[in-house]
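One-based numbering, in listed order, for ligands and for the atoms of each. Note that the coordinates shown come from a computational prediction; the quantities given were computed from them, not determined experimentally.
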Amino acid sequence: MDQDYISMWQNLGIDLENHDCLLKALADFYQQIYLSQENRPEGMKYFDFVISEAHGLRIKELLEAKKQGKKVIGTFCVYVPEEMILAVKGICVGLCAGAQIGFDEAEKVLPKNTCDLIKAFIGFKLTQVCPYTESCDLLVGETTCDGKKKAYEILDKLTRKVYVMEVPHRKTEAGKELFLKELFNFKEKLEEISGQKMSLETLREGVKIVNEKRKALMRLESLRAHDPVPISGLDALLVEQIAFYDDPIRFTKKVNELCDELEERVKMGVGVKPKGTPRVLITGCPFALPNWKLHHLIEASGAVVVGEESCVGRRYYHTLVPENFNSVKESIKALAERYLNTHCACFTPNTERIEDIKNMAKKLNAQGIIYYSIQFCTPYLFEAYQVEKALNFPFLKIDTNYSTEDVGQIKTRVEAFIETL
Ligand code: BJ8
């Protein structure tokens, strides 16, 4: 390992031994799951590189930006507007974690029946393995599910850097008003921490950058509607995960280049799987990096994943923010409207999510839906019943965690499901 990186991690307070275990596990897993895929688009090489340098070059970039006075802001949820962070010249990074690291430590401070996504971000902090968390100047939590809310209290004890943004649980007029107020409070917090004023110009720039990123991800999604599908679900998922870490302008350019190549593939009838391969849409909890378990199992069982109705997926890029605002106030209003139009199971009622799933399944020509819940995630586990009833579509519910213990059992269920499609 590059000596520069080792000193960089040491300066960040990373536990080198634990971190080494994480990087080794990640490299093996990546080799086994990603690099063994056949006929991958050339454009995926960039994303392979990003993964290989996720704890190296990207962290170096963040630290260099910090030296120039920029602030790094960590988030855990797609209700936190990235545009506002860019508008104070900040850098936004997603901190949800998708690996079983530090669970023993996490279970000493969290109830055992906590979802793995929460256990992972607390576990990463307790074992000091995440250079992103350690680089952040502010960690922005939000009042979505109960587990997260309470976990942020603990995270604040550990870091003293947590700011919690209130997210309502109903999309009523009162809920909308509350969220708008919260965005104004968030503006103040960001201005205070960055020493930068959020102006009409910087907001316009932030909105434009994030809109372009979302447009590129929408373009990628549309290309997955073709048969044969030009990109695997695993690769598309990787791009969606990297959206939370990479420099947004560079990322957008690379996604568009990948899409150019995929368009060529579509024209030539080239796919990653044969025409007629069963097509699956996944809906449910987010897939934080490096959670590739379900996509891998589905694609190793002979189907292809064509979309994710998930926060690492469509719920991140579902709509753009109108760019025709003429004041800071108007822009924050536009952001509040756009963000509250995200349909997370933490809301009640949340019937719009069912419409989103139906529309995606239709648009992407999915033949079956796999509903993914992380064990102990009450909102998504509860919502599964209503979603299944409302859909009237081949449906399989998978309730799992980050371990590999249930891989055999899930594979058997997925294979049986795929046979029915
Ligand atoms: S908008 S899905 S990112 S809250 S899996 S921690 S819900 S118990 S992650 Fe989420 Fe925002 Fe909603 Fe999306 Fe809780 Fe469930 Fe765990 Fe979850």
Side-chain angles (χ1 to χ4, degrees), residues 74-82 92-100 103 106-107 110-125 139-155 162 164-171 175 179 182 186 214 217 237 240-241 243-245 282-289 291 293-294 308-319 335-336 338-350 352-354 356-357 371-384 387 397-403:
T75 62
F76 300 86
C77 179
V78 299
Y79 284 105
V80 179
E82 197 176 331
C92 182
V93 290
L95 295 179
C96 290
Q100 255 190 328
F103 275 28
E107 284 180 4
L110 302 172
K112 281 206 169 39
N113 57 351
T114 299
C115 89
D116 278 4
L117 189 141
I118 296 172
K119 270 189 205 163
F121 73 70
I122 294 287
F124 272 34
K125 177 60 206 162
L139 307 174
V140 185
E142 65 327 299
T143 57
T144 47
C145 71
D146 286 351
K148 272 179 151 184
K149 272 187 291 205
K150 300 310 284 180
Y152 296 136
E153 292 173 12
I154 295 172
L155 191 64
V162 176
V164 176
M165 198 177 102
E166 189 155 358
V167 174
H169 291 167
R170 288 168 65 81
K171 289 167 192 167
F179 190 60
E182 276 304 294
F186 187 45
R214 293 196 163 110
L217 288 165
L237 173 67
E240 290 164 351
Q241 290 172 328
F244 292 90
Y245 299 90
I282 300 184
T283 176
C285 290
F287 297 92
L289 196 72
N291 179 4
K293 176 175 163 181
L294 189 57
E308 294 75 24
E309 190 280 318
S310 161
C311 292
V312 178
R314 176 156 262 273
R315 261 180 262 136
Y316 173 68
Y317 57 75
H318 59 83
T319 44
L335 284 164
R338 185 267 169 206
Y339 275 81
L340 258 204
N341 200 18
T342 308
H343 308 307
C344 169
C346 294
F347 277 78
T348 179
N350 189 36
E352 301 96 329
R353 178 169 164 232
I354 294 169
D356 288 349
I357 300 170
Y371 192 106
Y372 166 67
S373 312
I374 300 178
Q375 217 170 24
F376 308 122
C377 170
T378 309
Y380 283 89
L381 282 164
F382 263 87
E383 215 162 87
V387 171
K397 190 176 134 195
I398 302 284
D399 174 10
T400 184
N401 54 29
Y402 288 176
S403 80

Protein heavy atom at shortest distance from atom 12 (Fe) of ligand 1: Cys344 SG, 2.3 Å

Protein heavy-atom partner closest to atom 2 (S) of ligand 1 - residue, atom, separation in Å: Tyr380 OH, 3.3 Å

Atom 11 (Fe) of ligand 1 - nearest protein heavy atom and its distance: Cys77 SG, 2.3 Å

Ring centers of Tyr339, Phe179 separated by less than 6.0 Å: no

Salt bridge present between Asp356 and Arg353 (N-O < 4.0 angstrom): no

Which segment of Thr378 sits under 4.0 Å of ligand 1 when only heavy atoms are counted: neither

Pro286 contact mode with ligand 1 (heavy-atom cut-off under 4.0 Å): side chain

Atom indices of ligand 1 within 4.0 angstrom of Thr144 heavy atoms, with elements: 4 (S)

Which segment of Cys145 sits under 4.0 Å of ligand 1 when only heavy atoms are counted: side chain

Heavy-atom proximity to atom 16 (Fe) of ligand 1, best of Ala288, Cys115, Cys285: Cys115

Within-4.5 Å side-chain heavy-atom neighbours: Tyr380 and Tyr371: yes

N, O or S from Cys377 under 2.8 Å to atom 15 (Fe) of ligand 1: yes

Heavy-atom nearest neighbour in the protein, as seen from atom 10 (Fe) of ligand 1, with distance rounded to 0.1 Å: Lys148 NZ, 3.6 Å

